[in-house]
Each structure stands twice: as C-alpha cells, then as structure tokens.
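Sequence lines set the chain letters: A, B, ... in the order given, protein chains first and strands last, and positions in each chain run from 1.
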Protein chains: 2
Amino acid sequence: MAGVPRRVTIREVAVDSGLSIATVSRALTGSRPVGPEIAQRAQESAARLGYRTDSIGRSLRTQRTNTLGLVIPDIANPFFPSLVQAVERAARDQNLSVLIADAANDPGVEQAALRSLIDHRVDAVLISPSHLTASRAAITESMAAVPLVQIDRVIDNSLPYVRANQSRPVQQLVSHLRARGRRHFAFIAQPDTIATSFERESAFRELMTDVPLRVVSAETSAGSGRGAVRELMSRWPEIDAVICANDLLGVGALRELRTLGRAEVAVSGYDDTLIAEALGLTSVRQPVDELAVAAISAVLTPDMAATRRELECAVIFRESTG
Amino acid sequence: MAGVPRRVTIREVAVDSGLSIATVSRALTGSRPVGPEIAQRAQESAARLGYRTDSIGRSLRTQRTNTLGLVIPDIANPFFPSLVQAVERAARDQNLSVLIADAANDPGVEQAALRSLIDHRVDAVLISPSHLTASRAAITESMAAVPLVQIDRVIDNSLPYVRANQSRPVQQLVSHLRARGRRHFAFIAQPDTIATSFERESAFRELMTDVPLRVVSAETSAGSGRGAVRELMSRWPEIDAVICANDLLGVGALRELRTLGRAEVAVSGYDDTLIAEALGLTSVRQPVDELAVAAISAVLTPDMAATRRELECAVIFRESTG
DNA sequence: TTGAAAGCGCTAACAG
DNA sequence: CTGTTAGCGCTTTCAA
C-alpha cells in the first residue's frame with residue numbers, strides 16, 4: 001500500500017497540551033471526570049493536531065472492538081441487503097461497527113467467515129445460517145469464542161435467536177385468497193435446507209390437509225420459478241393461486257403464467273424486495289429493522305444466552321393477488 | 001456481551017512447547033527460518049491448545065490490519081451487492097478481509113463511514129462515491145490518511161480509479177437497435193449526480209445530435225421509471241426504443257409500456273441485475289470481478305497513486321429488445 | 001537458529 | 001482531580 005503520514009498519538013497530544021497521557025485519555029473519552037479547563041485544553045490540542053483515537057491500541061487494552069460480525073447466507077439474495085442495512089443502522093445507533101461476511105450459500109465459506117470474524121475479535125456475531133444442518137458445526141464451534149445470535153433464519157431453537165414468524169403470513173395469504181374465491185392452491189418451494197423457507201412450506205402443507213396438496217420444489221431464481229409454474233399448471237390446470245417461497249420465484253411465476261395465458265392466477269412472493277413492489281407482486285415484509293434492533297440489544301445484554309424473540313411479518317397485498 | 005473464555009495467547013504456547021515466544025511466533029508465521037523439529041513442536045502446541053493469533057496484538061505491532069474498507073453508495077441498489085461479492089472474493093484471494101460501509105446515498109453518512117473505516121485502521125479504502133460533487137471533500141480528506149481508490153463510480157479523474165467504460169454500451173445498444181429498425185430513441189436518466197449515470201446519459205445525448213433528443217429524469221426506482229415512460233409516450237408517441245439508466249427503471253418502463261399497450265417498444269436497463277434476467281430485460285453487465293481484482297491489486301502496489309484503469313462492459317441482449 | 005527485551009497506542013489501577 | 005506506571009498480545013530488533 002502507498003505511504004501515508006504517521007498518525008498523531010495520544011502522547012503527542014499530551015506533550016502539546018502539557019498534560020499527562022492519562023488525563024488526555026480521560027478528557028477525550030470521558031471515562032472519568034477532569035477539570036473543565038483541563039478538558040478544554042486536551043480537546044483543543046487533540047483537535048488542532050488532528051488526533052483520532054487508534055482503535056487498535058484501544059482494543060488491545062480494553063479487549064473490545066466495538067464491532068459486530070454479521071454473517072449472511074447470500075448477499076445476492078435480495079432480502080439480505082435489506083437486513084444488512086437494518087443491522088448497520090441499528091449498530092450505528094449503538095456506536096458499533098459491522099463486519100459483514102457473505103457465506104455465498106456455502107457452509108464451508110460460512111465456517112471460514114466465522115473464524116475470520118472471531119480472529120478479528122468482533123464483540124459478537126449475528127448469523128443467518130446458510131444451511132439447516134450443515135451450518136450447525138461452525139455455529140457451535142463459534143459460540144465457544146464469541147456471543148452469537150441467530151437472526152432471521154434459525155436452525156437451532158436451543159441457541160439464542162431473533163426471528164420472524166414465517167407461518168402466519170402464509171396462513172393470512174391463504175385465507176385472504178380463499179375469501180376472494182380462490183380454491184386451488186399451489187406452493188413453489190425453495191430447498192428445505194433454508195430454515196425460513198422450510199417453515200413457509202410447512203405452514204402451507206398444514207393448511208392443505210383437507211384439500212389436494214400441490215407443492216413443487218425450485219431453486220432460488222426466477223428461471224426456476226418459471227419451470228415450477230410450467231410443471232404445476234400441466235399437472236394441475238385447475239390451480240388459481242400460487243404461493244412462492246420468495247420474490248424471485250414469484251417473478252418467474254408471474255412471467256410464466258402470462259406466457260401460458262394464465263395471468264388470472266393469483267401469485268404471491270416473499271420478502272417484499274424491490275422487485276415485488278416494482279411488479280405489483282403481493283409479498284411478505286419481514287420486520288428487518290426490528291429484527292436488527294432486537295438482535296443487537298440481545299448481544300449487548302449479559303443474559304443474551306436466553307434470547308428467544310419472535311416478531312411478526314406483514315403481508316403486503318398488491319395487484320398480483322387482485 | 002456474554003462471558004466468553006479467555007483466549008490462548010502465544011505466551012502459553014511458548015510455555016507449553018518449552019520454546020521462546022519469539023520462536024513460536026516465527027514458527028507460526030514463517031517470518032524467519034526455524035529448525036524443523038522446533039517448528040513441529042510449536043505448531044503442535046498451538047494446535048493442541050487451540051491457539052489463534054490475536055489480530056489486534058499483531059496489528060498494533062505491525063501497523064497493518066489486513067483489512068480493506070469498501071464504501072458503497074447504496075446497498076439497496078441491486079448492483080452493489082454484486083460489487084460487494086466481487087470485492088470479497090478478490091480480497092479473500094489476497095488474505096484480506098473487507099469492512100463494508102453503506103453510505104445510504106447520503107454524503108454525510110459517507111463521510112462518517114470513511115472516518116469510521118480509517119479509525120478502524122483499514123489498510124486501504126475502495127469507494128464508489130455516492131455523489132458527483134458532494135463526496136469530494138470526504139474523499140480528499142480520507143486520502144491524507146489511507147490509500148484510496150475509486151471503484152466503478154469516479155468523480156475525480158485526478159485521483160486513482162478503476163472504472164468501466166459507460167459510454168460504449170450505450171453506443172452499442174443504440175446501433176444494435178438501429179440495425180433492427182428502431183428509429184425513435186428515448187432515455188430515462190437517474191440524477192446526474194451519480195457518476196456512472198451521468199456518463200450513460202452523456203453518451204446517449206452525444207448519439208442524438210442529429211435527431212430529436214428525448215431525455216427524461218427519474219429517481220432510482222421502478223415507480224419512477226413508470227412515470228417517466230408515461231411522460232415520454234405522451235410527449236413523443238413515436239418512440240420505439242427506451243434506454244434506461246438502470247434496471248429498476250427498465251422494469252418500471254417495461255411494465256408501464258405494457259399497461260399502455262405499447263409493449264412493442266424496445267427497452268433496455270443497465271447493470272444486469274437478477275431482475276433483468278428474470279424479466280428478459282436487455283441490460284449491460286459491468287465487469288465486477290475484474291473491477292474488484294484491479295482495485296485490490298491497485299491498492300496493494302506501491303505506486304497505486306498512478307492507477308487509472310478502464311475496463312469494458314458487455315451488453316446482454318434479451319427479449320425486451322427482441 | 002534461538003532467546004531476551006523493547007515497544008506498537010492505549011486505558012486502568014494505583015498513588016498522590 | 002491528576003500523574004505514573006503496568007501491560008493488553010504480538011513481532012522484531014538486538015545479542016548470543
């Protein structure tokens with residue numbers, strides 16, 4: 001890296017202000033009371049010299065970094081940027097920084113990411129696990145080194161979590177559609193190794209115990225959603241409502257139904273990403289800000305090991321379920 | 001935060017292995033040669049005790065953090081997650097971590113983010129500035145403290161950058177459409193304080209010097225794209241091709257044109273996000289991986305102050321320009 | 001090749 | 001309220 005001027009140290013501020021290092025430290029951090037004009041002098045010197053506390057030195061001493069690690073399964077999944085945003089906002093309110101790590105949908109990468117965060121000595125880790133089972137080992141291992149809370153996706157109920165109820169929105173969707181005359185439901189699922197997705201699918205299955213069950217699996221992509229719709233409509237042409245495990249699938253479904261001349265079929269997505277609003281796709285909004293706030297306040301409390309929070313989603317009805 | 005077991009230090013490894021601290025350090029980092037069986041002993045002890053180098057201690061000593069800061073203008077803009085992903089991959093290949101900071105489209109937040117990164121002593125900063133002019137001050141200020149390179153968006157040619165040419169794709173788009181018989185072009189722009197967007201718009205304007213110029217401004221959202229299309233089509237019903245400054249706008253345009261019964265109008269977006277592929281929207285793919293690799297290799301070289309790299313985009317033709 | 005010791009910048013314990 | 005001093009964990013002179 002290129003050469004950069006050496007930083008001003010607290011020692012230089014002390015010399016400049018004619019105070020001791022300790023006093024300057026106290027004046028700047030406010031950790032203990034200092035005389036008013038002394039404080040003034042310290043602050044003025046610091047400002048004039050352009051002093052900024054070196055967080056490395058501080059962290060070495062305090063054994064805290066004021067940094068949170070956030071592990072997300074896949075930043076390319078449009079839901080997670082909004083979670084990242086929410087966590088950053090909530091963290092900033094607590095004067096915390098966030099180290100973001102993307103697991104790229106790979107538990108191996110996820111494990112490496114966790115280790116890297118721990119090596120960077122983050123004060124706590126928020127993780128949305130990439131895989132229902134394969135993420136377990138790395139999480140257990142990490143918990144020995146750092147406070148950790150599952151956020152949004154939860155793969156182990158015995159470990160701290162902050163989640164959103166994923167069943168209720170599916171129930172609301174179905175009853176809303178039934179009230180409007182829809183009778184023949186289908187569900188396009190993502191891999192059931194995705195915790196939230198598994199719950200959405202289960203909720204749908206439970207609602208269909210008395211009626212024909214129409215579920216088809218897909219990957220997390222619009223293309224896959226199109227294929228799923230083709231399969232559904234050819235097997236069960238009577239379908240009049242398709243519930244999708246996420247927005248990308250919903251977009252694909254919408255498009256393919258139009259192609260098939262079946263645009264009258266109701267479609268819903270999940271996660272309420274930009275794309276849903278853009279296309280008038282009914283979707284489910286997760287309370288990302290509240291999740292973030294709750295998760296951060298959890299890792300900040302001493303008894304965070306007891307954290308089990310469940311929040312509620314909101315169904316956003318749009319034209320696609322007109 | 002919850003209580004966590006104290007970490008194993010290098011001192012304990014030294015005691016356990018019967019070696020000196022210095023030797024253990026050398027054996028583990030390979031910074032200097034050590035005797036073969038000595039190395040063996042050190043590594044074995046370290047492994048058995050579960051020792052992991054404390055990066056805080058190391059950083060304080062070495063004055064390096066092996067961490068890069070990446071400032072993006074808006075993580076909610078679907079282009080940036082892909083840039084983040086690319087930078088993380090490229091960084092991982094160099095054993096670097098990435099601290100991501102979202103400017104939330106606000107130069108004030110951006111400035112705070114830069115300071116925070118510098119306070120965290122990142123070794124270098126990659127930034128995609130949020131604003132053509134308002135981002136300047138913070139960047140100039142930061143350059144005094146840390147090597148910095150503009151990535152993708154460049155607002156100051158006199159400072160290091162790694163960018164993608166934004167004009168050529170617009171030229172290609174127009175000539176492709178002309179070759180297929182389109183004659184009446186329009187452009188939906190984003191605020192021209194977005195560096196890349198400004199360049200895209202300028203390219204379009206230059207191509208239209210001999211023909212009627214039809215440009216309308218919009219915000220970065222699908223809803224805004226719809227409104228823009230309504231305005232365009234009412235002012236110039238003869239329009240048969242609409243080029244949009246990004247994919248979100250393109251989606252809105254596509255939808256509104258369908259609503260207006262003008263689905264025959266060609267539409268293109270920009271950035272080639274998931275949404276473009278999902279909807280068959282012609283778009284422009286920026287070389288994010290190459291940008292990331294080039295930016296990182298730039299900040300790693302001593303003469304990075306001289307970095308001026310321009311890469312090429314690829315136009316991805318899809319049904320929307322059928 | 002190995003070890004002893006200094007010291008990165010900071011905060012906190014201890015004196016005064 | 002202020003100053004002196006130790007020491008966080010590590011790497012790297014400097015000596016042997």
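Whole-Å rounding puts the B/Arg6 CZ to D/dC8 P distance at 10 Å. With rounding to whole Å, B/Asp54 atom CG is found 6 Å from D/dG9 atom C1'. Across the protein-nucleic acid pair, B/Leu28 atom CG and D/dC10 atom P stand 10 Å apart, rounded to whole Å. Across the protein-nucleic acid pair, B/Ile10 atom CD1 and D/dC8 atom C1' stand 14 Å apart, rounded to whole Å. Distance, A/Arg41 CZ to D/dC1 P: 16 Å, rounded to whole Å. The separation between B/Arg7 atom CZ and D/dG9 atom C1' is 10 Å, rounded to whole Å. The nearest whole Å value for the distance from the CZ atom in A/Arg64 to the P atom in D/dG9 is 16 Å. One atom, CG of B/Asn66, and another, P of D/dC10, lie 15 Å apart when rounded to the nearest Å.
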Give the table of side-chain donor-acceptor pairs shorter than 3.5 Å for residues 77-87 of chain B, with sequence neighbours excluded, one pair per line with atom names and distance.
| residue | atom | partner | partner atom | Å |
| --- | --- | --- | --- | --- |
| B/Asn77 | OD1 | B/Phe79 | N | 3.1 |
| B/Ser82 | OG | B/Phe79 | O | 2.6 |

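Among the protein residues, A/Arg32 comes within range of no part of the nucleic acid, since none of its heavy atoms lies under 4.0 Å from any strand. Within the 4.0 angstrom heavy-atom criterion, only backbone atoms of the sugar-phosphate kind lie near A/Thr53; the bases stay farther away. A/Arg26 comes within 4.0 angstrom of a nucleotide base, judged by non-hydrogen atoms across all strands. Contact annotation for A/Leu60: base contact, defined as any heavy-atom pair under 4.0 Å involving a base atom. Across all strands shown, A/Ser55 has no heavy atoms under 4.0 Å from either base or sugar-phosphate atoms. Residue contacts shown for B/Ile21 include a base, since a base heavy atom lies under 4.0 Å away.
OP1 and OP2 of D/dT11 both lie 4.0 Å or more from every side-chain N or O belonging to B/Gln63. At the phosphate of D/dT11, neither OP1 nor OP2 sits under 4.0 Å from any side-chain N or O atom of B/Thr62. Of the side-chain N and O atoms in A/Thr23, one or more sit less than 4.0 angstrom from OP1 or OP2 of D/dG3.
Scanning both residues, A/Ser135 and A/Ile155, for their nearest heavy atoms gives CB-CD1, 3.7 Å.
The neighbour count for B/Arg309 CZ, taken as heavy atoms of other residues, nucleotides or ligands under 6.0 Å away, does not exceed 12. Within 6.0 Å of the CZ atom in A/Arg11, the count of heavy atoms belonging to other residues, nucleotides or ligands does not exceed 12. Atom CZ of A/Arg308 has more than 12 heavy atoms from other residues, nucleotides or ligands within 6.0 Å.
In this structure, B/Glu88 does not pair ionically with B/Arg92, as no charged nitrogen and carboxylate oxygen lie closer than 4.0 Å.
Between the side chain of A/Thr65 and the main chain of A/Arg121, a donor-acceptor pair closer than 3.5 Å is present.
Checking B/Pro36 against A/Thr9, the closest nucleotide of DNA chain C that is more toward the 5' end is the one next to B/Pro36.
Of the listed nucleotides (D/dT12, D/dC1, D/dC10), D/dC1 has the atom at the smallest distance from the side chain of A/Pro33.
Along DNA chain C, the stretch of nucleotides lying under 4.0 Å from any heavy atom of chain B spans, 5' to 3', C/dT1 to C/dG9.
Counting heavy atoms from C-beta outward, A/Val24 and A/Ser17 have side chains that approach closer than 4.5 Å.
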